[in-house]
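Notes follow the structure.
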Amino acid sequence: MQVYGSEISSRLLLGTAQYPSPAVLKKAIEASQAEIITVSLRRETAVGSGAGFWELLKDCGCKILPNTAGCHSVQEAVTTAQMARELFGTDWIKLEVIGNTDSLQPDVFGLVEAARILSTDGFKVFPYTTDDLVVGEKLLEAGCELLMPWGAPIGSGQGLRNPDALRAMRAHFPDTPLIVDAGIGRPSDATRAMELGMDAVLLNTAVAKAGDPALMAKAMAQAVEAGRLVIPPIQWNRGIWRFLQPQSLAWRS
């Protein structure tokens, strides 16, 4: 999978919040075989995770994807992204602009504005968004090269609440990397996302809060791989979803 010019083998991206300890997090990262891990600058700084957490991030061998979790305005998200770039030395940023405190639904208007500002400033933006096609188009116009539609609200573990919308996104954006972000609660949810044609999934709570996070991380990695092997019905033509032939699945590269 090509992500902003980087070749990524693992289709599972893993969050780093809510784990019982840095040691448990380390085992989960290793079991997941993830190559990209996300970290919230605001959250981890606020709780004072300690040197162990930061040393783990440096030594895990994964690409760090800072995020703007907890930001409720454009200016807040942009400032947090700039701080993250200085701290982690990366221009990658997972952009969150929260519009609803209860559901943590994105403020899509603020999201597009912040994405445009950050893209102009040289950031490679990973936007946490809804499954709305028009919003997706606006984010691409703003400079994003991929989209991260939610499966369900953050931390809910509800799975894919609107699989038809995700399938429509795959058909509408055939050449754009799509990463399901939020809502994955079980390995079967991860498999289903891949069956729908998604390029990857990003999850956190389902692993961090599991009885055995390392075991759940391993299960999620295997689920993503299993779903990847399935040929999904992604083409909408005259009211019918049609299966594409393997040679036409250019988005799999």
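Bear in mind that the values here come from a model prediction, so they are computed numbers and not experimental data.
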Gap between atom CG of L139 and atom OG of S119 - 0.5 Å precision = 9.0 Å
Rounded to the nearest 0.5 Å, how far does CD of E113 lie from OG of S73?
-> 9.5 Å
Passes side-chain contact (heavy atoms from CB on, under 4.5 Å), D181 versus T129? Steps please.
-> CA-CA 8 Å; D181 178 15; T129 183; over 6 Å; no
Locate the shortest heavy-atom distance separating P153 from S103; write the atom from each residue and the value.
-> CB-O, 3.4 Å
Ignoring hydrogens and angles, tell me if any N or O in the side chain of E145 forms a donor-acceptor pair with the backbone of Y4 under 3.5 Å.
-> no
Would you find a donor on one side and an acceptor on the other, under 3.5 Å apart, between the side chain of N67 and the backbone of A69?
-> yes
Salt bridge check: are K27 and E30 linked by an N-O gap of less than 4.0 Å?
-> no
Group every Ile, Leu, Val, Met, Phe, Trp and Tyr by side-chain heavy-atom contacts under 4.5 Å, then state whether M83 and L65 land in the same group.
-> yes
Identify the two heavy atoms, one from A206 and one from G185, that lie closest to each other, and give their separation to 0.1 Å.
-> CB-O, 3.6 Å
So do I93 and R85 actually touch side chain to side chain, heavy atoms under 4.5 Å?
-> no
Non-hydrogen atoms of S156 and G183 that approach each other most closely = OG-CA, 4.2 Å
Determine, stepwise, if the pair T38 / N204 fulfils side-chain contact (heavy atoms from CB on, under 4.5 Å).
-> CA-CA 9 Å; T38 67; N204 184 175; 5.6 Å; no
For the residue pair D107 and V74, establish whether any side-chain heavy-atom pair is separated by less than 4.5 Å.
-> no
So CG of L12 and CG of L202: to nearest 0.5 Å the spacing works out to 8.0 Å
Contacts of Q75 meeting side-chain hydrogen bond (donor to acceptor under 3.5 Å, both in side chains) (sequence neighbours excluded), chain-then-number -> T79
Flag yes if M148 and W150 sit in one hydrophobic cluster, no otherwise; membership is Ile, Leu, Val, Met, Phe, Trp, Tyr, and two members link when side-chain heavy atoms are under 4.5 Å apart.
-> no
Kindly say whether E96 contributes a backbone atom to a donor-acceptor pair with the side chain of T68 at under 3.5 angstrom?
-> yes
Check: H72 and T101 side chains under 4.5 Å, non-hydrogen atoms | yes
Among residues two or more places apart or on two chains, list those pairs meeting ring-ring contact (aromatic ring centres under 6.0 Å, His included) that have a residue in residues 92-117.
-> W92-F126
Within one Ile-Leu-Val-Met-Phe-Trp-Tyr cluster: L25 and F88, side-chain cutoff 4.5 Å | yes
Using side-chain contact (heavy atoms from CB on, under 4.5 Å) as the criterion, list what pairs up with A34, not counting sequence neighbours.
-> L14, S32
Closest heavy-atom pair and its distance - Q158, R161 | OE1-CD, 2.9 Å
Should K138 and V108 count as side-chain neighbours, where that means a heavy-atom distance under 4.5 Å?
-> no
When rounded to the nearest 0.5 Å, the distance separating CG of L229 from CE of M194 is 9.5 Å
Report yes or no: does T191 contribute a side-chain atom to a donor-acceptor pair with the main-chain N or O of V224 at less than 3.5 Å?
-> no
D199 bridged to R170 by N-O distance under 4.0 Å | yes
Is it true that V112 and I98 fall in one hydrophobic cluster, defined by side-chain heavy atoms closer than 4.5 Å?
-> no
In terms of heavy-atom contacts, L133 and F173 come closest through O-CZ, 3.5 Å
Give the C-alpha distance, both sets of side-chain angles, the deciding distance and a yes or no for side-chain contact (heavy atoms from CB on, under 4.5 Å) between H172 and E137.
-> CA-CA 9 Å; H172 192 73; E137 290 176 346; 2.6 Å; yes
Just by distance, do the side chain of N100 and the backbone of Q105 share a donor-acceptor pair under 3.5 Å?
-> no
In the hydrophobic cluster built from side-chain contacts under 4.5 Å, what are the other members alongside L215?
-> none
Quick one: do M1 and I64 end up in the same hydrophobic cluster if we chain Ile, Leu, Val, Met, Phe, Trp and Tyr together by side-chain heavy atoms under 4.5 Å apart?
-> yes
Give a yes or no answer on whether the side chain of Q33 reaches the backbone of S10 with a donor-acceptor pair at less than 3.5 Å.
-> no
Are side-chain heavy atoms of I8 and I36 found at a separation under 4.5 Å?
-> yes
List for me each residue that meets side-chain contact (heavy atoms from CB on, under 4.5 Å) alongside P187, sequence neighbours excluded, and say none if there are none.
-> M216, A219, M220, A223
All heavy atoms of A193 vs all of V201, minimum pair found to be CB-CG1, 3.7 Å
So which of I179, V97, I154, L147 actually passes side-chain contact (heavy atoms from CB on, under 4.5 Å) with Y128?
-> I154
Any side-chain heavy atom of V125 sitting closer than 4.5 Å to one from C144?
-> yes
Side chain proximity check, N162 to R167, heavy atoms < 4.5 angstrom | no
Note, E35 side chain near K63 side chain (heavy atom, < 4.5 Å) = no
Tell me the salt bridge (charged side-chain N to carboxylate O under 4.0 Å, His left out) pairs involving residues 206-227, sequence neighbours left out?
-> none
Point-to-point distance, once rounded to the nearest 0.5 Å, from CD1 of I29 to SG of C62 = 5.5 Å
